[in-house]
Structure formats: structure tokens, C-alpha cells
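All values reported here derive from a predicted model rather than from experimental measurement. By convention here, the first residue in the shown sequence is residue 1.
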Amino acid sequence: MDWLKELRVLSGVSVADNGDLVFMGSDNRIHRTDSRGVELWNFATSDMGRSSPVITPQGMVIAGSYDDHVYALDAAGKQLWKVKLDGDIFATPALRADGSVIVATAAGTVYALSAQGQTLWSYKVGAGVFSSPAVAADGTIYFGAQNNRMHALTPDGQLKWSFAAGSLVFSSPAIDRSGNIYFGSSDRKIYALDPAGNLRWTAKTSLFVNASPIVTSDDLVVVGSYDGKVYAINTTGEPEWTYTAGTGIAAPAAQLSDGTIVVGDLGGTLHAIGKAGQPLWTIKTGKKIDTGVAVSDQGNLYFTTEGGGLNAILKQRPLAEGPWTTFRGVPAGWGRVLTPQEAQARTQARRAAATAALAALPSNRPQTTPPVSSSPTPSTPTGTSSSRPVAPAPASPAPVTQAPAPQTPVAPPAPAATPEQLAARAAAAARVADGRVFVPLREAAGALGLNVSSLTNRSATVQVVAGPHDLTVRTFNRIPYVPLAALSTLPGTTVQLLSKPATGIRLSRAGRTVTFPLNLPKLLPFVAPAEYPSVLQPTASRP
């Protein structure tokens, strides 16, 4: 890695044509930096956001926030307009060729907004949308939702079709050269649909697929799963290779011009994978990576780690030329199929970086048994089917596996907190409201070994063995808390109230037992109400 800067990055990073970086921060601001991470400007919103900003060809920045607003800023960071919608915006907007944008909300509505911020139309889904919309060459809009369906809307917002998956669809769709659509589901499958919504094939994984697929230059559908594997399947449904990362993957991959696939995992390792699925190199940060790698046309790679650290690997290859080689298709995050003229312009912009001398980045030593496992078995195609993060703590500099030492010395990463330490922190920060005890989400989830896959001001989705599980969220001083009682509703969880030698709540799940040292009598003191207060009078007042 060339550098790491603590910039409180919360969303994915979008890259402008000149190499500038734009992202949402955990400080409730939209930030723009140059390619070195030096801030150029920031713009205050009313809440944080996980939605990646979109940079239009004209230089406008469009970003959605948890404050229910879409913001449009000019290249200098001045507000052009803002629009209030009906809920938190988690999904990244999709830019259409005419400059309008498609925006989906966690409240379950999809909007089309003009380039001037006027609402053109809206479509009620009836379920929250965390899947970022994708726009096909013919203008069709595709997105998944919490009703377990992939939807297709006409350019004017009418439903064309919906396809029922077996469970929730967090995954954002990718589109290939022929207009076919690919996405994952919490039902542990990867789906391929044709433009009419007919099922072409499915491929099974061992755990849910919340990551968004890409379609590479050689027409492979590549996507990671929470089972710790990256799957590559050709567009006809035949498995090509499977790479074992070893830790769950929620981030989308990206393909570089030399064919290398780069993707981060929830354990904090960035993986580079060769054309045949072989390991090339890894960077171990020790901090969760759940957003994709952003690749500039100059060949610089940027990725964020838990705590908001922005990491850079410079002088590598640019993106490959293909139908959907990164999340949202292009570095600026348009989310639509390019016109032939746009595709040619992107090719020319990347040509120099594709042939330039690479910065030294030695590969890992050859392994006797590369971590490549058998591929998923696609199911038999069937006929037509009609038919959700958390502002974390600061990160530490990341060691590179067999890569050059950084130019300046860095401190080693602090040891990770144990589950008991996280439980103690959660207990120390406990709050009481409306007769209920609340504990901070991040510490409580860490203590119980839970991954938070999505977060809004009102709810959080955590991943358990049985699948996604929703928890109510309440915010205190902009920090998300969950009710202590709600943790006991997690599948497979047992609860024990402790009174000796000290008071506390002991929770056990998935082979892990932790104690939250809470003094419940002090937090929730029992005060007996007077009986019949309207009848009984004080003794002194009796005749």
C-alpha cells in the first residue's frame, strides 16, 4: 500500500475523470479530495450515508443520505438542489443518459428525478430497497428489494415484471452485453435472468450472496458470498473457477485491464485473483472491508476499511473494458450501460495506464495447494417465472503481504478487543429510554460475533446462521443503539440473568458466551405506585 489516511469514509468511493475522489463520511458530510486524499471541499448534510456518490459527465455530484434527501452539488461543492424523499437512501442512485437519476429508498419507493431535481415519477415497491438500481441500454430499470424480488420498470416508471427469488435481495444487479441481468440473494443463490425476466440459470453457494456481481471483459459473472468464496461463472451458467478467501465477502469485485480481479473480505484482507482463479497477492489490514475497490483511469486503486480509513495502491492497472467490470459500471458510479461513444472514450482514457510500467508489487510465494476450490453447480434452467452499516472506529495501517515496506514507519495495529471487552464497553454505555435498556449496536454486535449488513436510523440487519435478522435501532448522540431485549430474540440465543458475584446479563449464541455487566436494578429501579391514589388521603387529612 502506498498510503492510508483516516478520512472517516463511510460509503464507497467514486472517482472523477481527473482522478478526484468523492465519498460520504461518518461526519455527515460529502467530501471531495484529490487523488492523494487531500481534501478539496466538503458539504454538510443532516445525517451520514452509505450510498456511493455519482459524478456526472458534467462534473455534478449527486449523493443520497440517511436524512432522506438527495443532494446535487457542482464541481466546487456548491449546492445546486436537494430533494426530500420518503425514507433513508442506502442504495446508490443510477444516472440515466438524459441526466436524470433513479433513486430508491429504504421506505420502498423508487423515484426518477430530473437533472434539475424535479420528480418525474415514483413507483411504490411495498418493501425497502437496498439494492442499487441499474439501467439497461433500452432504459429498463432493474433493482432488488426486501420483498425477495428483482423488479424491472419501464423508463417511465411502470412495472414490466418482477421475479421472485427465495429470500431478500440486497445485491445490486449487473447487466451483460446481451442485456441479461445477474444478482445474488440471501437464499444462497446467484441468479441469471433474461431481459424479459425469465430465469436462465442459478448457481448455489453455501451462504447468502449480498454482494453485487460484476461481468468481466471475458464475460464471466464474478461475485463473492458470505461463505468466504468468490465464484466465477460464464454467462451461460457454467462454472469457471472458485477462489477461497476464507472470510465472508460483502463487497463487489473489480476487474483490472490485465484480467486481475480485486476484492476485499470482511476479515480485512484485499485479494488479487488471477484469470484462472489463482491467488496473486493479498493485503491484510485487520479491518473489515465491505465496499468495493475504486479504480481510477490512471490505474490507482482505492479501498476503505472499517473506521473510515482510505487506502491507496498507486500505479497499477485501470479497469478492464467490459460490460460491467466494477460496481455501478464506471469509476464515477453511473449505474447504467454505456453508449458506444462513452465506451470508446473510456477506453482511450485508460489506454496509457493499461500499458504503463507497474509499481513494484511482488506476488505471494507459490503455494503447494492454491486456495481454489470446486465451483458451484448451476441448477437446471427453468421456464418463465412471473412474477440493508455502521460508522466505525479508526483503522490502523495495513501490512502488505510480501510488498515493499512503507517509506515511513508506522505503528503496529492495536490488538482487537475481546468479546468480553466489547460487552463491557456496551454495558458501560447503556442507556434507558421508555422503560427499556439500550446498548450501542457496534459493541454489542462485536461481542456476539454478528455482522451488520445494513443500518438505517430505525433498523439494523444482522447476519445469523438462519439468515438476515432485523433489529430496532434508536440513535443517541448520533450513535446507533439496540434494545437489550431484542438481542435475546436472535435465533439460537439463550439469556441468563446474573446476580452473584455481580449483576449482569449473559447471552450465548453460536458457541459464544459473553456477559454484559449491567446493573439492571440501578438502570431500571422499581418504584411501587400508590394503591387507589384517588381514594386514599394522607393520614393528617382524615377526620
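- Of all non-hydrogen atoms in A16 and I55, the two that sit nearest each other are N-CD1, 3.6 Å.
- Nearest heavy-atom pair across P173 and S132 is CD-O, 3.4 Å.
- For the pair R474 and Y481, the cation does not sit on the ring face, since its NZ or CZ is not both under 6.0 Å from the ring centre and inside 45° of the axis.
- A donor-acceptor pair shorter than 3.5 Å cannot be found between the side chains of E420 and T418.
- The only option from V230, T242, I249, L207 that meets the side chain to side chain contact (heavy atoms under 4.5 Å, CB included) definition with S225 turns out to be L207.
- Annotation: side chain of N300 is not in contact with side chain of P318 (no heavy-atom distance under 4.5 Å).
- Ring geometry for Y226 against F208 counts as tilted: the plane angle lies between 30° and 60°, on a 0 to 90° scale.
- Using a distance-only test at 3.5 Å, with no hydrogens or angles considered, a donor-acceptor pair links the side chain of N28 to the main chain of M48.
- Across all their heavy atoms, I190 and V223 have their closest contact at CD1-CG1, 3.5 Å.
- Under the 4.0 Å criterion applied to side-chain N and carboxylate O atoms, E306 and R442 are assigned as salt-bridge partners.
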Check against side-chain contact (heavy atoms from CB on, under 4.5 Å), S186 and N210:
CA-CA 7 Å; S186 295; N210 288 358; 3.4 Å; yes

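- Taking the six-membered ring where the residue is Trp, the centroids of F476 and F438 are separated by under 6.0 Å.
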With side-chain contact (heavy atoms from CB on, under 4.5 Å) as the test, would you mind laying out the steps for T216 and W324 before giving the verdict?
CA-CA 6 Å; T216 68; W324 206 270; over 6 Å; no

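- A donor-acceptor pair shorter than 3.5 Å cannot be found between the side chains of N311 and Y302.
- A donor-acceptor pair is defined here as one N or O able to donate and one able to accept, closer than 3.5 Å; no such pair exists between the side chain of T325 and the backbone of G322.
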Using the side-chain contact (heavy atoms from CB on, under 4.5 Å) rule, take K288 and T305 through it: C-alpha gap first, then chi angles, then the decisive distance, then the call.
CA-CA 6 Å; K288 179 172 67 175; T305 45; over 6 Å; no

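- Counting heavy atoms from C-beta on, the side chains of V262 and L301 come closer than 4.5 Å.
- Counting heavy atoms from C-beta outward, Q278 and I273 have side chains that stay 4.5 Å or more apart.
- In terms of modelled atom types and a separation under 3.5 Å, the side chain of S171 and the main chain of G184 share a donor-acceptor contact.
- No donor-acceptor pair closer than 3.5 Å links the side chain of T33 to the backbone N or O of E39.
- Using the six-membered ring where Trp is involved, Y243 and H271 have ring planes that are perpendicular, over 60° apart on the 30 and 60° scheme.
- Between I261 and the options L256, I214, L280, a side chain to side chain contact (heavy atoms under 4.5 Å, CB included) holds for only I214.
- Using a 4.0 Å cut-off between charged nitrogen and carboxylate oxygen, D88 and R50 do not count as a salt-bridge pair.
- Side chains of S217 and Q255: a donor-acceptor N/O pair is present below 3.5 angstrom, by distance only.
- In this structure, CG in N234 is found 10.0 Å from CG in D218, a value given to the nearest 0.5 Å.
- Within the 4.5 Å cutoff, the side chain of R346 has heavy atoms near those of the D17 side chain.
- Using a 4.5 Å heavy-atom cutoff, the side chains of P331 and D297 are in contact.
- S11 places no side-chain N or O within 3.5 Å of a backbone atom of F23 that could act as its donor or acceptor partner.
- Not one N or O on the side chain of N42 forms a donor-acceptor pair closer than 3.5 Å with the backbone of H31.
- Residue K5 places its NZ atom among more than 12 non-hydrogen atoms of other residues, nucleotides or ligands, all under 6.0 Å distant.
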Could you walk me through whether T513 and L507 pass the side-chain contact (heavy atoms from CB on, under 4.5 Å) test, one step at a time?
CA-CA 6 Å; T513 299; L507 296 177; over 6 Å; no

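- Checked against salt bridge (charged side-chain N to carboxylate O under 4.0 Å, His left out), D187 has no partners two or more places apart in sequence or in another chain.
- Between the side chain of R336 and the backbone N or O of A94 there is no donor-acceptor pair closer than 3.5 Å.
- One finds a salt bridge joining R350 and E321 here, because a Lys/Arg side-chain nitrogen approaches an Asp/Glu carboxylate oxygen to under 4.0 Å.
- In terms of modelled atom types and a separation under 3.5 Å, the side chain of R32 and the main chain of L40 share no donor-acceptor contact.
- Contact detail for L314 and D2: the closest heavy-atom pair is N-OD2, 2.8 Å.
- Not a single donor-acceptor pair under 3.5 Å links the side chain of T244 to the backbone N or O of K229.
- In this structure, the side chain of S26 does not engage the main chain of L10 through any donor-acceptor pair within 3.5 Å.
- Heavy atoms only, all atoms of each residue included: V222 and A232 are closest at CG2-CB, 4.1 Å.
- Residue A356 comes nearest to R317 through the heavy atom pair O-NH1, 2.6 Å, listed as atom of the first residue, atom of the second, then distance.
- The aromatic rings of F183 and Y191 lie parallel to each other, their planes meeting at an angle below 30°, with 60° marking the opposite boundary.
- D470 and T461 are linked by a side-chain donor-acceptor pair at a separation below 3.5 angstrom, with hydrogens and angles left out of the test.
- Side-chain contact check for Y66 versus T45: every heavy-atom pair is 4.5 Å or farther apart.
- Taking the salt bridge (charged side-chain N to carboxylate O under 4.0 Å, His left out) definition, one finds that R36 meets it with D34, sequence neighbours left out.
- By the 4.5 Å heavy-atom criterion applied to side chains, V293 and V263 are not counted as neighbours.
- Residues T291 and T304 bring a donor and an acceptor atom of their side chains to less than 3.5 Å of each other.
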